[in-house]
K.L.:
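Would you mind keeping the following structure in view while I ask a few things?
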2 protein chains.
Amino acid sequence: MARLSDIIETFLKTLINEEEGSVEIQRNELASKFNCVPSQINYVISTRFTTDKGYYVESRRGGGGYISIKRINTESAGDYLMHIITSIGDKISQHTCEVFINNFVDYNIIKYREAMLMKAATSDKVLMDVPIDKRDDVRATILKNMLMGLTVL
Amino acid sequence: MARLSDIIETFLKTLINEEEGSVEIQRNELASKFNCVPSQINYVISTRFTTDKGYYVESRRGGGGYISIKRINTESAGDYLMHIITSIGDKISQHTCEVFINNFVDYNIIKYREAMLMKAATSDKVLMDVPIDKRDDVRATILKNMLMGLTVL
DNA sequence: GGGTTATAATAGTCAGGGATAGTCAAAAAC
DNA sequence: GTTTTTGACTATCCCTGACTATTATAACCC
């Protein structure tokens, strides 16, 4: 019962690693390789290869069309973190928060144990005593403050 | 006749033992195995597989959704951490919290960066939006949950 | 040849259906 | 009175397909 979208995601990420950061595909070709409708490729890309997750996607229609995916260069983790910090608004849901944290791990910005700490500090479970209308605010504050702490190092 | 929730609890714990610490289930499937409504699975998990009891739960909805339960590793530093966790009361001031964290670093339980994260997540600055009479409770919860996270592995 | 138009070859969008899991409060059981 | 059980309602995720948009190239006309 493996989800096809996950398989395609993994396939693309492997390709990106092999190609050192970028890959160019043809939508229909990839779709037929995985026996799915072409639009599922769009679905995978729009849910897994977003800017927030550190990817840059370009495409072109018509004859010789293509989709190219590039991993954003994260040489200076500090800059990337600052970018993320400023992009986080005043509120953030637990889910979105986890997505961010998982990405930091993917990009080797934080370690697994650090991710566990961050998730533990921003889970709904931990914020039970915070009024529900304030919960996402507190979470955003905690997350941003932890990230700020990392940029200092 | 034992209560159904207890039976399901035992079943899951047996599975976790067989699978060496973790198990992945489908909510509806498990519910139909025990002839109960799916939400009873949620009840069992939220009452028997809590962080306090040493479990870590993740899930995903939609096609191919699942619920995964992991038992927290209680070996090595885990025992010491568990001891600390139980010694922390329901409330803790920012100052006491920092003393704890500094000690963890001194005793090589956590690294410097991890300490930064923990302090960032438990500072008064970050808990501004939490009603003052709840602040020390939330801080204690966050601290304990972060420490629990470290015992997972 | 140069410009215009038709055709084929792509990719994008969006709304809907099905498959899960989550929440919450009432009812039932203990 | 507390814990367990239930079910209606909600939220989320994946997959599909019809319809649209864009691009390159071939065909056509002058």
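Computation of the quantities below employed the complete heavy-atom set of this structure, encompassing side-chain atoms and omitting hydrogens, waters and symmetry-equivalent molecules. In what follows, chains are A, B, ... by sequence order, proteins preceding strands, each numbered from 1.
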K.L.:
For B:L4 and D:dT6, give me the distance from atom CG to atom C1', rounded to whole Å.
P.N.:
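Distance, rounded to whole Å: 12 Å.
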K.L.:
When the ring planes of B:F104 and B:F100 are compared, do they come out parallel, tilted or perpendicular, using 30° and 60° as the limits?
P.N.:
tilted
K.L.:
Just distance, no hydrogens or angles: give the donor-acceptor pairs under 3.5 Å from side chains in residues 131-139 of chain B, sequence neighbours left out.
P.N.:
{"unit_1": "B:R135", "atom_1": "NE", "unit_2": "B:L127", "atom_2": "O", "d": "3.1"}
{"unit_1": "B:R135", "atom_1": "NE", "unit_2": "B:V130", "atom_2": "O", "d": "3.3"}
{"unit_1": "B:R135", "atom_1": "NH2", "unit_2": "B:M128", "atom_2": "O", "d": "3.4"}
{"unit_1": "B:R135", "atom_1": "NH2", "unit_2": "B:V130", "atom_2": "O", "d": "3.1"}
{"unit_1": "B:D136", "atom_1": "OD1", "unit_2": "B:R139", "atom_2": "NH2", "d": "2.7"}
{"unit_1": "B:D137", "atom_1": "OD1", "unit_2": "B:K91", "atom_2": "NZ", "d": "2.8"}
{"unit_1": "B:D137", "atom_1": "OD2", "unit_2": "B:K91", "atom_2": "NZ", "d": "3.4"}
{"unit_1": "B:R139", "atom_1": "NE", "unit_2": "B:I92", "atom_2": "O", "d": "2.9"}
{"unit_1": "B:R139", "atom_1": "NH1", "unit_2": "B:T122", "atom_2": "O", "d": "2.8"}
{"unit_1": "B:R139", "atom_1": "NH1", "unit_2": "B:D124", "atom_2": "OD1", "d": "3.1"}
{"unit_1": "B:R139", "atom_1": "NH2", "unit_2": "B:D124", "atom_2": "OD1", "d": "3.0"}

K.L.:
B:N28 or A:N28: which one's nearest nucleotide on DNA chain C is closer to the 5' end?
P.N.:
A:N28
K.L.:
Salt bridge or not for A:K111 and B:E114, using N-O below 4.0 Å?
P.N.:
no
K.L.:
Just jot down the side chain to side chain contact (heavy atoms under 4.5 Å, CB included) partners of A:Y55, sequence neighbours excluded, or say none.
P.N.:
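Partners of A:Y55 under the side chain to side chain contact (heavy atoms under 4.5 Å, CB included) test: A:K13, A:I16, A:F49, A:K53, A:I69, A:R71, A:Y107.
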K.L.:
Would a 4.5 Å heavy-atom cut-off, applied to side chains only, mark A:Y43 and A:T47 as touching?
P.N.:
yes
K.L.:
Any residue in residues 33-46 of chain B with a heavy atom nearer than 4.0 angstrom to DNA chain C? Just list them by number, or reply none.
P.N.:
B:S39, B:N42
K.L.:
Using atom types as modelled, flag every donor-acceptor pair under 3.5 Å from a side chain in residues 21-36 of chain A to any protein atom, sequence neighbours excluded.
P.N.:
{"unit_1": "A:Q26", "atom_1": "NE2", "unit_2": "A:G65", "atom_2": "O", "d": "2.7"}
{"unit_1": "A:R27", "atom_1": "NH1", "unit_2": "A:N42", "atom_2": "OD1", "d": "2.6"}
{"unit_1": "A:S32", "atom_1": "OG", "unit_2": "A:E29", "atom_2": "O", "d": "3.2"}

K.L.:
Looking at B:R48, I'd like to know whether one of its side-chain N or O atoms comes within less than 4.0 Å of OP1 or OP2 on D:dT3.
P.N.:
no
K.L.:
Does any part of the side chain of A:M116, heavy atoms only, come nearer than 4.5 Å to the side chain of A:R113, both counted from C-beta?
P.N.:
no
K.L.:
Determine yes or no for a side-chain-to-main-chain donor-acceptor pair under 3.5 angstrom, with A:R3 supplying the side chain and B:G64 the backbone.
P.N.:
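Yes; judged by distance alone, with no hydrogens or angles, the pair exists.
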K.L.:
For B:R27 and D:dT12, what is the distance between atoms CZ and C1' respectively, to the nearest whole Å?
P.N.:
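My rounded result for the distance is 12 Å.
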K.L.:
Could you grab the distance from atom CG of B:N102 to atom CE of B:M118, nearest 0.5 Å is fine?
P.N.:
10.5 Å
K.L.:
Between the side chain of B:N145 and the main-chain N/O of A:A121, is any donor-acceptor distance below 3.5 Å?
P.N.:
no
K.L.:
Pick the closest DNA chain D nucleotide for A:H95 and for B:T47 by heavy atoms, then say which residue is nearer the 5' end.
P.N.:
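Result: B:T47.
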K.L.:
Quick one about B:S123 and B:Q94 (side-chain donor to acceptor, distance below 3.5 Å, no hydrogens or angles considered), yes or no?
P.N.:
no
K.L.:
How many whole angstroms separate atom CD1 of B:I67 from atom P of D:dC13?
P.N.:
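In whole Å, D:dC13 P and B:I67 CD1 are 15 Å from each other.
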K.L.:
Does any residue of residues 120-136 of chain A have a heavy atom under 4.0 Å from DNA chain C, and if so, which ones, in number order?
P.N.:
none
K.L.:
Are there any protein N/O atoms within less than 3.5 Å of an N/O atom in nucleotides 7-9 of chain C, and if so, which ones and at what distance?
P.N.:
none

K.L.:
Which one, C:dA21, C:dT10, D:dT4, comes nearest to the side chain of B:R3?
P.N.:
D:dT4
K.L.:
Rounded to the nearest angstrom, tell me the gap between atom CD in A:Q94 and atom C1' in C:dT23.
P.N.:
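Taking atom C1' of C:dT23 as the reference, CD of A:Q94 is at 14 Å.
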